[in-house]
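Notes follow once the structure below has been shown.
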Amino acid sequence: TRQNVFAELDGMIDEVRVEHGSTVKQGDVVAIQRSNQLDAEMAQLESELAKIDEQIRTVKKRRAMLQDDRSGAREVDLAEVTGELATLREELQGVQIRRKLLDEKREELKIVLPIDGRVTTWRVVERIEGRPVSRGQKLMEIADPSGRWEAEIYLPEAKMGHVNEQWQALRAEDPEAKLQLTFILATHPDSSQRLVGQVEEVHTSAEVHGEDGNTVRMRVSFDQAQLAEKLGVPNPAEELKVGADLKAKIHCGTRAIGYVWFHDLFEFVQSRILFRF
C-alpha cells in the first residue's frame, strides 16, 4: 500500500519533520507549510477586527451617555445609536466567520499523513524544505511494508501487440483469465529465485517512463508465501526495499525459436524500413 502526500496550497515548506525511512502514523504532521497570501489575508482580518472592536466601544460609550441624558432628543439619538451598534455587531460576526474559515484553511498548511507506514522518498528534507511548492505538488511518498506486496511493471508500448494477442486468446476461452508472468528482483537475481505472478490491472494509456520511452503500466499480484520460500525473506517489511527494481517476463505463448531470437530485428525492419518505403 502506497500513498503520495501532496501540498494542499501554494506556499513555502518551512519545516519537514520526517526523513527517509521514518516510521509514521496516520494523522502525523510531517511538514509545515507557509503561505504569504494567507498571512496577508489574516493580517487584514485582524486589522478589520481591531477597527470594528474600537468602533463598538465608542458607540457603547455614546449609548451610555444618551441613556443618562434626560433631554427630549434622547429617544431619537438612542434609537440611532442602538441601530448603529447592531450593524457593527453584524459586521463583527461576518469578519469572525471569515477568520474561522481562514483558520481552517491555514490548518491545511500542516501536511498530515493519510496512512500508517514508512517514508520512502529519498532525501525528503533536502528536496522540499525551504522550497516553494504549488497546490497538488507531490511532496513525499508513504508506503506500508507490513501489508501485501505487489509488483508494478512498465511494458514498452512496442511490446503491447504480443501481450494483447495473448490476452485476447486467453479471454476467448475464459473471460476471467489473467496474463501470467515470472519476475526476479534486482536484489535477488538468481534464476532459481524467480517469482510467479499474474497481471491484475493494465493502465488504459501509455506514459513516458525514463529511458524506456512510452510504456504501459501493469499491476501484478503474487503469492506472498514465495517471498519466504524462494527468496528466504520471512519478514518483507524489514528486508525488502519499496520500489526495488525487477525484471519481468510475460508469458505470451510459444513461437518458433528463430522468431523468439530475432523478433526485435523483424519488428525493427517492419516499422523502420518497410513502413518508410
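Residues: numbered from 1 along the sequence shown. Not measured: the values here are computed from a predicted model.
- Taking the salt bridge (Lys or Arg N to Asp or Glu O under 4.0 Å) definition, one finds that E129 meets it with nothing, sequence neighbours left out.
- For the pair V233 and H188, the minimum side-chain heavy-atom distance is below 4.5 Å.
- Using a cutoff of 4.0 Å between basic side-chain nitrogens and carboxylate oxygens, R34 and D14 are scored as salt-bridged.
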> Given R98 and E41, is the salt bridge (charged side-chain N to carboxylate O under 4.0 Å, His left out) satisfied, shown in steps?
Replying inline: CA-CA 10 Å; R98 287 163 54 198; E41 291 180 14; over 6 Å; no
Below 3.5 Å, can you tabulate the donor-acceptor pairs from side chains in residues 102-111 to any protein atom, sequence neighbours excluded?
none

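- Contact annotation: the side chain of R118 never approaches that of I142 to less than 4.5 Å [non-hydrogen atoms, C-beta and beyond].
- Of the listed residues (I250, L181, L179), just one forms a side-chain contact (heavy atoms from CB on, under 4.5 Å) with V220, and that residue is L181.
- In this structure, the salt bridge (Lys or Arg N to Asp or Glu O under 4.0 Å) partners of R219, at least two apart in sequence or on a different chain, are E150, E201.
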Sequence neighbours excluded and cut-off under 3.5 Å, please list the side-chain donor-acceptor pairs for residues 59-66, or say none.
{"residue": "R62", "atom": "NH1", "partner": "E84", "partner atom": "OE1", "Å": "3.4"}

> Between L195 and L227, is a side-chain contact (heavy atoms from CB on, under 4.5 Å) present by the stated rule, with each step listed?
Replying inline: CA-CA 8 Å; L195 304 177; L227 296 174; 4.2 Å; yes
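- In this structure, Q33 contributes its side chain and A31 its backbone to no donor-acceptor pair below 3.5 Å.
- Partners of E165 under the side-chain hydrogen bond (donor to acceptor under 3.5 Å, both in side chains) rule, at least two apart in sequence or in another chain, are R255.
- Members clustered with V196: none, using a 4.5 Å side-chain heavy-atom cutoff among hydrophobic residues.
- Side-chain atoms of I52 and R89, non-hydrogen and from C-beta on, never get closer than 4.5 Å to each other.
- Identified under the side chain to side chain donor-acceptor pair (under 3.5 Å) test for residues 18-27, with sequence neighbours left out: none.
- Under the 4.5 Å side-chain criterion, counting only non-hydrogen atoms from C-beta, W149 is in contact with Q224.
- Checked against side-chain hydrogen bond (donor to acceptor under 3.5 Å, both in side chains), E126 has no partners two or more places apart in sequence or in another chain.
- The two residues I128 and I13 come nearest to each other via the heavy atoms O-CB, 3.2 Å.
- Pairs of residues two or more places apart, or lying in two chains, never qualify as ring pair (Phe, Tyr, Trp, His ring centres under 6.0 Å) while including a residue from residues 77-102.
- Using a 4.5 Å cut-off on side-chain heavy atoms (C-beta onward), V5 and P114 make contact.
- Two residues are said to be in side-chain contact when any heavy atoms from C-beta on lie closer than 4.5 Å; V112 and D28 fail this criterion.
- Enclosure of atom CD in E15 by more than 12 non-hydrogen atoms of other residues, nucleotides or ligands within 6.0 angstrom is indicated.
- For R171, there are no side-chain hydrogen bond (donor to acceptor under 3.5 Å, both in side chains) partners, not counting sequence neighbours.
- For E8, there are no salt bridge (Lys or Arg N to Asp or Glu O under 4.0 Å) partners at least two apart in sequence or on another chain.
- Distance check, rounded to the nearest 0.5 Å: CD of Q137 to CG of L9 gives 12.5 Å.
- Annotation: side-chain hydrogen bond (donor to acceptor under 3.5 Å, both in side chains) contacts of K178 (sequence neighbours excluded): E200.
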